[in-house]
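I have placed the structure first, in the form of structure tokens, so that the comments after it can refer back to it.
All values reported here derive from a predicted model rather than from experimental measurement. Residues: numbered from 1 along the sequence shown.
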Amino acid sequence: METKNIKYPYLPEGRTILYVPASNPFMVEAKEFARLNSLDKSIQTGSVIVKDGKIIGRGANGSSYHETHECERVRLKMPTGQGYELCEGCHPKNHSEPKAIKNAKDLGNDTNGADLYLWGHWWFCEPCWNAIISAGIKDVYVIENSQNFFNRESPDNIIGKQFK
């Protein structure tokens, strides 16, 4: 699938998003990790970092903040991809990608040259891209047609039905 036909809210110059089928074993693992570990019950995401054919890090999004506090981004009607730092529950430190990077490093793994598989979203926000680039991650993958499946604006989205 060509990424040039998809309008992402953010994509750094020189980077691309690659696509794999939902049946890809690393994507299956990212999905299962999201299902079991995501604290964001709206859009659950999971990431796995893979190097030399092995998973070296895992992360799921969310925090318990939204259970007891209103989301500042929702209250302020922030557009997607903006203002994450305004809400503790939405803060990039709670996104699955940085959590997977931290997990890999905490386990003593080198992320330089690794790949990241993200399940549950169709693009990467700027802070996550910054973390990915800083970690030396080579390629990033989402599932085919994720721009429809995980986009609230798409009539074909599966949000709320992603684990059925």
Side-chain angles (χ1 to χ4, degrees), residues 1-51 53 55-63 66 71 73-74 78-84 87 89-104 111 114-135 137-164:
M1 169 181 273
E2 292 282 329
T3 59
K4 65 184 177 186
N5 297 328
I6 298 172
K7 184 168 172 37
Y8 300 104
Y10 179 76
L11 184 66
E13 188 174 329
R15 296 303 295 242
T16 58
I17 296 174
L18 303 172
Y19 294 84
V20 294
S23 60
N24 174 286
F26 299 124
M27 198 57 74
V28 169
E29 177 63 25
K31 178 181 180 180
E32 184 65 3
F33 198 79
R35 185 182 72 78
L36 295 173
N37 297 283
S38 177
L39 298 175
D40 183 339
K41 298 308 176 199
S42 174
I43 297 185
Q44 295 160 285
T45 67
S47 294
V48 296
I49 298 176
V50 177
K51 189 169 184 178
I55 295 174
I56 63 167
R58 293 173 173 83
N61 68 325
S63 76
H66 290 138
C71 177
R73 293 181 64 247
V74 170
M78 296 294 298
T80 187
Q82 296 179 19
Y84 291 126
C87 177
C90 298
H91 196 281
K93 70 182 178 189
N94 294 318
H95 293 189
S96 68
E97 304 96 305
K99 284 184 169 184
I101 293 166
K102 181 180 181 324
N103 176 248
T111 57
D115 296 325
L116 186 143
Y117 292 76
L118 170 66
W119 189 90
H121 216 326
W122 62 284
W123 62 283
F124 301 80
C125 69
E126 185 174 357
C128 286
W129 267 116
N130 291 341
I132 288 165
I133 293 166
S134 178
I137 291 176
K138 182 179 159 222
D139 290 320
V140 295
Y141 296 87
V142 296
I143 66 169
E144 295 167 333
N145 298 311
S146 59
Q147 74 279 6
N148 296 320
F149 295 147
F150 302 114
N151 185 344
R152 291 183 198 270
E153 297 175 12
S154 172
D156 298 324
N157 82 66
I158 60 169
I159 298 168
K161 305 172 277 197
Q162 60 266 46
F163 297 112
K164 293 179 181 173

Name each donor-acceptor pair under 3.5 Å that joins a side chain in residues 152-164 to protein atoms two or more places apart or in another chain, with its distance.
from   : atom 1 : to     : atom 2 : distance (Å)
Arg152 : NH2    : Ser42  : OG     : 2.7
Ser154 : OG     : Asn148 : O      : 3.4
Ser154 : OG     : Asp156 : N      : 3.1
Asn157 : OD1    : Ile159 : N      : 3.1
Asn157 : ND2    : Ser154 : O      : 3.0
Gln162 : OE1    : Gly160 : N      : 2.5

Legend entry - For the student: nearest non-hydrogen atoms of Ser96 and Leu118, plus distance: OG-CD1, 3.4 Å
Legend entry - Beyond-backbone contact of Arg73 with Cys87, side-chain heavy atoms, under 4.5 angstrom: yes
Legend entry - Any side-chain heavy-atom pair of Leu18 and Val20 under 4.5 Å: no
Legend entry - Minimum side-chain heavy-atom gap Trp123-Lys7 below 4.5 Å: no
Inset, instruction - With rounding to the nearest 0.5 Å, note down the distance linking NZ in Lys102 to CZ in Arg58. - result: 16.0 Å
Inset, instruction - Determine the minimum heavy-atom distance between Phe33 and Ala60, stating which atoms define it. - result: CE2-N, 3.6 Å
Legend entry - Cys125 and Tyr10, any side-chain heavy atoms less than 4.5 Å apart: no
Legend entry - Residues forming a side chain to side chain contact (heavy atoms under 4.5 Å, CB included) with Lys138, sequence neighbours excluded: Asp115
Inset, instruction - Return the minimal non-hydrogen interatomic distance between Pro98 and Pro92, and the atom names on each side. - result: CG-O, 3.4 Å
Legend entry - Where Gly46 and Ala34 come nearest, the two heavy atoms and their spacing: N-CB, 3.4 Å
Inset, instruction - Any chance you could measure Lys31, atom NZ, to Asn24, atom CG, to the nearest 0.5 Å? - result: 13.0 Å
Inset, instruction - Using a 4.5 Å cut-off on heavy atoms from C-beta on, say whether the side chain of Tyr84 contacts that of His91. - result: no
Legend entry - Test item: His95 side-chain N/O and Glu97 main-chain N/O as donor-acceptor pair under 3.5 Å: no
Inset, instruction - Side-chain contact test, heavy atoms from C-beta onward, threshold under 4.5 Å: evaluate it for Gln44 versus Asn37 and give yes or no. - result: no
Legend entry - From OG1 (Thr111) to CD1 (Ile137), nearest 0.5 Å: 5.5 Å
Legend entry - Rounded distance (nearest 0.5 Å) linking atom OG of Ser47 with atom CD of Glu29: 11.5 Å
Legend entry - Separation between CG of Asn151 and CD1 of Ile6, rounded to the nearest 0.5 Å: 10.0 Å
Legend entry - Minimum-distance pair of heavy atoms, taken over all atoms of Ile56 and Ala114: CD1-CB, 4.4 Å
Legend entry - Closest non-hydrogen atom pair, Thr45 against Asn61: N-OD1, 2.8 Å
Legend entry - Backbone of Lys99 reached by a side-chain donor or acceptor of Asn103 within 3.5 Å: no
Inset, instruction - Drop me the distance from Glu144's CD to Phe149's CZ, to the nearest 0.5 angstrom. - result: 9.0 Å
Legend entry - Ring center gap for Phe150 and Trp122 short of 6.0 angstrom: no
Legend entry - Result of checking Tyr8, Trp129, Tyr141, Tyr117 against Phe124 for ring-ring contact (aromatic ring centres under 6.0 Å, His included): Trp129
Inset, instruction - Could you go through the side-chain contact (heavy atoms from CB on, under 4.5 Å) check for Leu11 and Ile17 one step at a time? - result: CA-CA 9 Å; Leu11 184 66; Ile17 296 174; 4.1 Å; yes
Legend entry - Side chain to side chain, Ile55 and Ile49, heavy atoms closer than 4.5 Å: no
